[in-house]
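Not measured: the values here are computed from a predicted model.
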Amino acid sequence: MKTYKLNRLFNSQSGNCFDVAIDHGFFNESSFLSGIENIQRAVNKLVEAAPDAIQLTIGQAQYLQSIPGRHKPSLVLRTDVANVYGKELPSKLFSRMIENPVEQAVRLDATCVVVNLFSIPNEPEVMDQCIQNILKIKPVCEHYCMPLMIEPLVFQENNTAGGYMVDGDPNKIIPLVRQGVELGADIIKADPTNDVNDYHRVVEIAGNIPVLVRGGGKASDHEILDRTYRLMQQGIKGIVYGRNVIQHHSPAGMIKALMSIVHEGATAEQAFKFI
């Protein structure tokens, strides 16, 4: 029965997924709010552009799910909140899961729930919290036939990188992705590797679990489109992009461009015409 929800998440023609993440307000960072200050307007713009899914929180899911009709993106529900993204980190870091996350997802008619798996230098307690969150949510997901997306994120040293800077070292990403699979992920959402051509190793380590790639920080249009095309060629099943869509001067155009790559196999050059 879990397949029924996955059928609403992944495109019926290509078998791939483009999920636009605008759950950034959960993390209490002012810079994350650029482009989503007016969340209702942001959701409406995205719905008009028709990606496969929109990733939201329990407080903002209403703006998607209250839209009438059957033809709107599926809801991916963020289930954990953390304080690990600041340029100056607090003395105590945490990653906490909302109460009864799967039941809330069912009530909101979500097709999937997403939870983090952080690997932060010198912060093993945060990773422990993430693992506890996953161990708690996984059996409930199975009970309710709710797909579980695990988001393995490897961070650089904060005093070196200055907050929310991911580490694209495949030798760090690969074992964390595999741990996410071992913990029961139905979908993996992971960062790109420093050398995009290495990404087939991430896909391989995930086995038959579909891998969606995060967009990361803001990048140029050409860089995003080219990277997406090269990643799709290595067997990923889609993308989860946020700021590179919602902070774009034409979010609808960027979505159309990315959809052409993800679902139609367009090259970066072919996709660029939509922007």
Side-chain angles (χ1 to χ4, degrees), residues 1-26 32-81 98-115 137 140-141 143-149 186-187 189 210 212 215 237-264 274-275:
M1 291 176 67
K2 196 185 295 180
T3 306
Y4 302 166
K5 288 185 174 65
L6 291 172
N7 285 344
R8 291 166 55 197
L9 186 62
F10 287 87
N11 183 278
S12 62
Q13 302 301 313
S14 69
N16 299 328
C17 175
F18 179 15
D19 173 16
V20 179
I22 54 171
D23 54 353
H24 304 90
F26 228 19
F32 284 13
L33 299 177
S34 177
I36 57 170
E37 296 89 344
N38 186 320
I39 192 70
Q40 185 164 21
R41 187 188 308 152
V43 169
N44 288 342
K45 281 184 181 178
L46 294 179
V47 169
E48 214 172 298
D52 300 296
I54 301 177
Q55 190 168 296
L56 290 159
T57 61
I58 52 170
Q60 306 289 27
Q62 58 173 314
Y63 295 109
L64 173 63
Q65 299 302 64
S66 63
I67 295 172
R70 294 176 294 166
H71 303 292
K72 59 174 179 273
S74 298
L75 170 65
V76 173
L77 186 70
R78 162 68 63 188
T79 64
D80 53 347
V81 57
I98 62 175
E99 288 295 315
N100 302 316
V102 183
E103 290 91 336
Q104 293 201 62
V106 169
R107 286 196 291 271
L108 289 167
D109 192 32
T111 56
C112 182
V113 292
V114 58
V115 62
I137 198 173
V140 188
C141 283
H143 177 78
Y144 286 100
C145 301
M146 177 65 68
L148 174 62
M149 183 188 296
D186 297 298
I187 303 166
K189 172 187 171 187
L212 306 182
K237 297 300 290 181
I239 54 176
V240 184
Y241 289 0
R243 286 170 292 170
N244 284 295
V245 172
I246 202 64
Q247 292 177 6
H248 195 270
H249 66 84
S250 173
M254 179 53 92
I255 287 175
K256 288 176 183 175
L258 290 166
M259 293 276 274
S260 71
I261 296 173
V262 171
H263 295 313
E264 299 166 21
F274 292 105
I275 300 175

Handout entry: Inter-residue atom distance Gln60.CD - Leu75.CG, 0.5 Å rounding
Key = 11.5 Å
Practice task
Measure the shortest side-chain to side-chain distance between Pro101 and Leu77 over non-hydrogen atoms and say whether it is less than 4.5 angstrom.
Solution key: no
Practice task
Would you give the length of the straight line joining atom CG of Asp109 to atom CD of Gln65, rounded to the nearest 0.5 angstrom?
Solution key: 5.5 Å
Handout entry: Short side-chain to backbone donor-acceptor contact, Thr111 and Leu9, under 3.5 Å
Key = no
Exercise for the section: With side chain to side chain contact (heavy atoms under 4.5 Å, CB included) as the test, would you mind laying out the steps for Ile98 and Thr57 before giving the verdict? Expected result: CA-CA 10 Å; Ile98 62 175; Thr57 61; over 6 Å; no
Practice task
Taking all heavy atoms of Val76 and all of Ala53, pick out the closest pair and write down the distance.
Solution key: CG2-CB, 3.9 Å
Practice task
Please report the shortest heavy-atom distance between Ala252 and Ala49, naming the atom on each side.
Solution key: CA-CB, 3.9 Å
Handout entry: Residue pair His24 / Ile246, side-chain heavy-atom distance below 4.5 Å
Key = no
Fill in the blank from the handout: What one should report as the nearest heavy-atom pair of Phe26 and Val81 is O-CG2, 3.0 Å
Problem - Gln13 CD: over 12 foreign heavy atoms closer than 6.0 Å - result: no
Exercise for the section: Compare every heavy atom of Ser260 with every heavy atom of Ala257, then report the nearest pair and how far apart it is. Expected result: O-OG, 2.6 Å
Practice task
Decide yes or no for Val140 and Glu103: does some side-chain heavy atom of the first lie under 4.5 Å from some side-chain heavy atom of the second?
Solution key: yes
Problem - Any donor-acceptor pair under 3.5 Å from Lys72 side chain to Ile67 backbone - result: yes
Exercise for the section: Sort and list the pairs that fulfil salt bridge (Lys or Arg N to Asp or Glu O under 4.0 Å) and have at least one residue in residues 39-49, not counting sequence neighbours. Expected result: none
Fill in the blank from the handout: To the nearest 0.5 Å, atom CE of Met259 lies from atom CG of Asp52 at 5.0 Å
Handout entry: Pair Ile187-Phe10, side chain to side chain contact (heavy atoms under 4.5 Å, CB included): steps then yes or no
Key = CA-CA 11 Å; Ile187 303 166; Phe10 287 87; 3.9 Å; yes
Practice task
Decide yes or no for Pro73 and Val47: does some side-chain heavy atom of the first lie under 4.5 Å from some side-chain heavy atom of the second?
Solution key: yes
Exercise for the section: Kindly compute the distance separating CD1 (Ile137) from CG (Leu148), expressed to the nearest 0.5 Å. Expected result: 6.0 Å
Practice task
Work out which heavy atom in Val102 is nearest to a heavy atom in Cys141; give both atom names and the distance.
Solution key: CG2-SG, 3.7 Å
Completion exercise
One should read off an interatomic distance between Arg70 CZ and Arg8 CZ, to the nearest 0.5 angstrom, of 12.5 Å
Practice task
Looking only at non-hydrogen atoms, find the nearest pair between Met254 and Asn244 and report the distance.
Solution key: CG-O, 3.6 Å
Please list, one pair per line, the donor and acceptor atoms closer than 3.5 Å that link side chains of residues 14-22 to other protein atoms, with sequence neighbours excluded.
| residue | atom | partner | partner atom | Å |
| --- | --- | --- | --- | --- |
| Ser14 | OG | Asn16 | N | 3.1 |
| Ser14 | OG | His263 | ND1 | 2.6 |
| Asn16 | OD1 | Lys237 | NZ | 3.4 |
| Asn16 | ND2 | Val262 | O | 2.8 |
| Asp19 | OD1 | Gln55 | N | 3.2 |

Practice task
Verify the neighbour count for atom NZ of Lys2: are there more than 12 heavy atoms of other residues, nucleotides or ligands below 6.0 Å?
Solution key: yes
Completion exercise
To the nearest 0.5 Å, atom CG of Asp23 lies from atom CD1 of Ile36 at 8.0 Å
